[in-house]
Amino acid sequence: MELITQYLKQLHLFASLNDEDIEALAKICVVTKHPKDAILYYENDVQNKLFFLVSGLLKVYKIDKYENEIFLYHIYPNTLISELTTLDNETIHCFANAEFAEDSVLLEINYLQFKERFLHHPEITHKLINEILQKNHQLHCVVNRELVFNATSKVAYMLMDDLEMFNKLKRQEVSFMLHIQPETLSRVLKKLTRNEIIEINNATVKILNKEMLRAIYMGDES
């Protein structure tokens, strides 16, 4: 119980709860551990729990009609995993597939009991709505990446949005995530380096000009 309480206090959603509420919430939570490559859920699954990532990394993706994996985004620690589209239902429908990219720890909360006890709490409701809106924004970014951005914009956006992950992954993995060819990624990086927007040392990218990099995917590139 003490470990669950500790995890709850580090989540922004519950930071304002008093000790009594934290203790009550802890009683409807469980902590679970998951190995790398394990599946948390599949698209169209129905869940009765709220999932939060305590540590590790989660990959969210869909499968197209040709059985190809379409990467959507990563979920990082201390973040809500569940895709809530309404607060009215008693269950949560899964929008995509979720797979652990690293050994991970989850905090799972009984959704129905959570609704009954805590959704009357104004600040919790407000923060939960903000979490939902942030996830909607994340999906808007995916739409831009897949339907609007060209290869250069895709690379520029990932460098601005998730430089740590870009440098952590192999170039082939980055290409796969962005749905571009490795040769295309290499050409884009050389172009950005030549324009002194980034520099690359020992395969690690460092941003030199954030304004110019941002302008590429914001449509302000001259």
Side-chain angles (χ1 to χ4, degrees), residues 1-36 38-62 71-143 160-165:
M1 186 69 72
E2 183 178 346
L3 182 61
I4 294 177
T5 298
Q6 176 186 332
Y7 288 157
L8 287 171
K9 288 182 176 179
Q10 71 188 39
L11 293 171
H12 174 69
L13 183 58
F14 306 122
S16 62
L17 291 181
N18 58 39
D19 290 343
E20 181 181 351
D21 285 335
I22 286 287
E23 184 177 342
L25 182 56
K27 292 179 180 178
I28 60 172
C29 298
V30 295
V31 173
T32 57
K33 296 182 178 180
H34 304 265
K36 180 182 177 181
I39 299 295
L40 176 59
Y41 53 71
Y42 291 101
E43 182 177 357
N44 297 322
D45 280 355
V46 178
Q47 299 287 340
N48 60 1
K49 300 174 182 177
L50 280 176
F51 294 119
F52 291 85
L53 186 64
V54 173
S55 65
L57 183 69
L58 195 69
K59 177 179 70 173
V60 179
Y61 65 96
K62 295 176 79 73
F71 170 80
L72 298 180
Y73 51 83
H74 284 115
I75 294 178
Y76 296 95
N78 299 325
T79 304
L80 173 67
I81 298 171
S82 305
E83 300 282 356
L84 293 168
T85 55
T86 176
L87 298 179
D88 295 329
N89 295 340
E90 296 182 357
T91 54
I92 301 170
H93 291 264
C94 300
F95 166 77
N97 308 289
E99 177 183 319
F100 294 99
E102 299 176 357
D103 292 348
S104 303
V105 176
L106 292 192
L107 184 69
E108 304 178 6
I109 303 177
N110 183 292
Y111 183 51
L112 182 57
Q113 290 178 281
F114 172 78
K115 285 183 60 177
E116 291 174 347
R117 173 68 192 268
F118 292 98
L119 277 192
H120 70 279
H121 194 298
E123 190 165 355
I124 293 295
T125 304
H126 175 74
K127 287 182 178 179
L128 186 57
I129 291 172
N130 279 339
E131 293 265 7
I132 295 170
L133 292 175
Q134 287 173 11
K135 284 195 168 291
N136 284 340
H137 174 71
Q138 196 170 31
L139 291 175
H140 292 162
C141 293
V142 170
V143 171
M160 282 294 296
D161 184 63
D162 204 348
L163 180 61
E164 182 179 352
M165 180 58 67

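Just so it is clear, the model here is predicted, and its values are computed rather than measured.
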Set of side-chain contact (heavy atoms from CB on, under 4.5 Å) partners for Asn18, sequence neighbours left out: Glu20, Asp21
Over 12 foreign heavy atoms within 6.0 Å of CD, Gln10: yes
ring-ring contact (aromatic ring centres under 6.0 Å, His included) partners of Tyr73, counting only residues at least two apart: none
Any residue meeting ring-ring contact (aromatic ring centres under 6.0 Å, His included) with Tyr111, in chain and number order, not counting sequence neighbours: none
Which residues share a side-chain contact (heavy atoms from CB on, under 4.5 Å) with Val46, sequence neighbours left out: Thr91, His93
Distance (rounded to the nearest 0.5 Å) between Leu13 CG and Ile109 CD1: 7.5 Å
Between Glu108 and Thr32: side-chain donor-acceptor atoms closer than 3.5 Å: yes
Option from Leu3, Val31, Leu53 for which side chain to side chain contact (heavy atoms under 4.5 Å, CB included) with Leu107 holds: Val31
Interatomic spacing from OG1 in Thr125 to NE2 in His120 - rounded to 0.5 Å: 8.5 Å
Side chains of Ile81 and Leu40 in contact at under 4.5 Å (non-hydrogen atoms): yes
Residue list, ring-ring contact (aromatic ring centres under 6.0 Å, His included) with Tyr7, at least two apart or on another chain: none
Please list, one pair per line, the donor and acceptor atoms closer than 3.5 Å that link side chains of residues 96-104 to other protein atoms, with sequence neighbours excluded.
from, atom 1, to, atom 2, distance (Å)
Asn97, OD1, Glu43, N, 2.9
Asn97, ND2, Tyr61, O, 3.2
Glu102, OE2, Lys168, NZ, 2.3
Asp103, OD1, Lys36, N, 2.8
Ser104, OG, Leu57, N, 3.2
Ser104, OG, Glu102, O, 2.7

From CG (Leu133) to NE2 (His137), nearest 0.5 Å: 11.0 Å
Salt bridge present between Glu123 and Lys127 (N-O < 4.0 angstrom): yes
